[in-house]
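The structure appears below as structure tokens.
In listed order, ligands and their atoms are each counted from 1. Because the structure is a prediction, the values reported are computed rather than measured.
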Amino acid sequence: MKEFYLPTKIFMGDDALDRLEQLTNENIFLITDPFIEKSGMLDEVLARMKGRNNDFEVFSEIVPDPPIETVVSGVKVIEELNPGVIIAFGGGSTIDAAKAIKDFAIKLSILKTEPKLIAIPTTSGTGTEVTSFSVITDQEKQLKYPIVSDSLLPQEAILAPNLVKSVPPAITADTGMDVLTHGIEAYVSINATDFSDAFAEKAIQLIFEYLPRAYKNGEDLEAREKVHHASCLAGIAFNIAGLGINHSIAHASGAHFHIPHGRMNSLLLTTVIEFNADIQDFSNRHYSNAAKKYAKLAKILGLSSTNCRIGVKNLNQHIRLLQKELDMPTSLRQCGVTYDQVVKEKRVISEAALIDACTKTNCKIPALEDLEKIIESIK
Ligand SMILES: NC(=O)c1ccc[n+]([C@@H]2O[C@H](COP(=O)([O-])OP(=O)(O)OC[C@H]3O[C@@H](n4cnc5c(N)ncnc54)[C@H](O)[C@@H]3O)[C@@H](O)[C@H]2O)c1
Ligand SMILES: [Zn+2]
């Protein structure tokens, strides 16, 4: 039996931040990163709540790929404030850290009541504002762990496109490719349903149509809004269906290669599609389910898809063109990772990827050697 429910209430539009004006008499714990704190964006949030609420604490220690130590520091602060509301204001790293801080605090029974978590994304990428995932890094073991639990789901998400205007082009491209990878992995996951497909298809279409515009002109608010919505839609899709080995390898290699999450996903995407589609030779008429789904996607995107082989080929070609438009790197070498490093680390990364939570929902069960080959092929 499969199930689908959408527990997060979503506010959207340029005035969506006004939702915060409805908060009264609360102790509010605001979690963010140092860039957002200094950017002036934080003032927009605080201005809507000050004077109506009791106590505020701003915790701005979040760094990209948040380590366990940051979560532990946040738990100490939350214990003193005992907030009714937690506001996570930032990119995926901030929202993931806030989810983990809240969850740890509840598991440790240090809060009197369960606070409401309001997620306000300032990047358009992870969709974490609507997912049961939080990715935390163990720096010592050089591992990124996806924690998966419905208790991590935010109660509310605020999608305000004006907050992502300031995201620079390279981060717009990286995070946008993360959205595309979420949509495509959810679409071919073993747990995909008609419901997750609907969200994934829309997210993928919006990315191909609007991401190049948002990349070329960050002030293009229509494009920014569409990409922001795509991020959330893809988050809903993979929260229903799960992800796959593209993300498993990205998680496992993130703490080794120090490449931004979305960029790493982008490097792997076409190779993983080829692996999953499993089109062996020209005589193959028994296409895998994944190949059929990729071909269907190609059709939806208006590409020629007269058979699965052509559909998969054209989908990958379309992705490569998008990557080119976004000036994305296409090899680990272009990201500063040497071939020696790849050879040295590929086994340990593959071992971690094999047991990553996302591998369970991949449409094709990989062997350790398959994962090593995929990593080797993007050298
Ligand atoms: N929980 C999930 O479902 C999920 C899904 C995918 C990825 N992730 C995780 O999320 C993290 C990546 O999140 P991300 O891609 O959003 O990046 P991020 O949160 O790490 O932020 C990247 C950079 O962008 C900056 N930034 C954020 N908002 C900005 C703005 N409006 N203007 C200018 N700069 C801004 C940040 O200060 C930071 O330097 C990774 O740890 C990844 O593993 C989680
Ligand atoms: Zn991702």
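Here the Zn ion (ligand 2) is the vertex; the OD1 atom in Asp178 and the NE2 atom in His247 give an angle of 110° (to 10°). Rounded to 10°, the angle formed at the Zn ion (ligand 2) by His261 NE2 and His182 NE2 is 170°.
Near Gly91, meaning under 4.0 Å from one of its heavy atoms, ligand 1 places the atoms 16 (O), 19 (O). Within ligand 1, counting atoms from 1 as listed, the ones closer than 4.0 Å to a heavy atom of Pro64 are 20 (O). Near His182, meaning under 4.0 Å from one of its heavy atoms, ligand 1 places the atoms 5 (C), 6 (C). Which parts of ligand 1 touch Ser166 is read off a 4.0 Å heavy-atom cut-off, strictly below it: atoms 30 (C), 31 (N), 32 (N), 33 (C). Listed by atom number, the atoms of ligand 1 under 4.0 Å from Met41 heavy atoms are 30 (C), 31 (N). Within ligand 1, counting atoms from 1 as listed, the ones closer than 4.0 Å to a heavy atom of Val135 are 43 (O), 44 (C).
Formation of a donor-acceptor pair under 3.5 Å by the Lys202 side chain with backbone atoms of Ala230 is not found in this model. A donor-acceptor distance shorter than 3.5 angstrom exists from the side chain of Thr361 to the backbone of Leu243, with no hydrogens or angles considered. Distance alone, capped at 3.5 Å, is enough to place a donor-acceptor pair between the Ser248 side chain and the Thr359 backbone.
In this structure, His261 and His251 have parallel ring planes: the angle between them is below the 30° cut-off, well short of the 60° mark.
Only backbone heavy atoms of Leu163 (N, CA, C or O) come within less than 4.0 Å of ligand 1; its side chain stays farther off. The proximity of Thr131 to ligand 1, defined as any non-hydrogen pair under 4.0 Å, is limited to the side chain. Contact annotation: for Asp33 versus ligand 1, heavy atoms closer than 4.0 Å belong to the side chain alone. At a heavy-atom cutoff of 4.0 Å, ligand 1 is contacted by the side chain of Pro168 but not by its backbone.
At under 3.5 Å, not a single nitrogen or oxygen of Lys99, backbone or side chain, sits near a nitrogen or oxygen of ligand 1. Between Asp178 and ligand 1, no N or O atom pair is found at a separation short of 3.5 Å. At least one N or O atom of Lys144, backbone or side chain, sits closer than 3.5 Å to an N or O atom of ligand 1.
Of the candidates Thr128, Asp96, Thr32, the one placing a heavy atom closest to atom 44 (C) of ligand 1 is Asp96.
Ser288 has its side chain out of reach of Lys364: every pair of non-hydrogen atoms, C-beta onward, lies at least 4.5 Å apart. Inter-residue side-chain proximity for Val85 and Phe29 is flagged as unmet; no heavy-atom pair is nearer than 4.5 Å. Between Met177 and Arg263 there is no side-chain heavy-atom pair separated by less than 4.5 Å.
Salt-bridge check for Glu325 with Lys216: passed, with a basic side-chain N closer than 4.0 Å to an acidic carboxylate O. With respect to Asp197 and Lys293, a salt bridge is recorded, a charged nitrogen being found less than 4.0 Å from a carboxylate O. Between Arg213 and Glu222 there is a salt bridge, since at least one side-chain N of the basic residue sits less than 4.0 Å from a carboxylate O of the acidic one.
In the model, Asn27 has no side-chain atom that pairs as donor or acceptor with a side-chain atom of Asp55 under 3.5 Å. For the residue pair Thr181/Asn246, the side-chain donor-acceptor check at 3.5 Å is not satisfied. Counted by atom type alone, Tyr187 and Glu201 present one or more donor-acceptor pairs between their side chains at under 3.5 Å. For the residue pair Asn53 / Thr24, no side-chain donor-acceptor distance below 3.5 Å is found, with atom types taken as modelled. For the residue pair Thr128 / Lys99, a side-chain donor-acceptor distance below 3.5 Å is found, with atom types taken as modelled.
In this structure, Ile36 has a heavy atom closer than 4.0 Å to ligand 1. Between Lys165 and ligand 1 there is no heavy-atom distance shorter than 4.0 Å. Judged by the shortest distance from any of its heavy atoms, Gly254 lies outside the 4.0 Å radius around the atoms of ligand 1.
At the shortest separation from atom 17 (O) of ligand 1 among protein heavy atoms lies Gly92 N, 4.2 Å. Of the protein's heavy atoms, Thr123 CG2, 4.5 Å lies nearest to atom 21 (O) of ligand 1. Counting only heavy atoms of the protein, atom 35 (C) of ligand 1 lies nearest to Phe35 CE2, 3.7 Å. Scanning all protein heavy atoms for the shortest distance to atom 29 (C) of ligand 1 gives Thr122 O, 3.7 Å. In this structure, the protein non-hydrogen atom closest to atom 15 (O) of ligand 1 is Thr175 CG2, 3.3 Å. Atom 40 (C) of ligand 1 has Asp65 OD1, 3.3 Å as its closest protein atom, hydrogens excluded (heavy atom only). Here the heavy atom of the protein found nearest to atom 24 (O) of ligand 1 is Ile171 CD1, 3.5 Å. From the protein, the heavy atom lying nearest to atom 20 (O) of ligand 1 is Ser93 OG, 2.6 Å.
Few gaps surround CZ on Arg320; more than 12 heavy atoms of other groups in view lie less than 6.0 Å from it.
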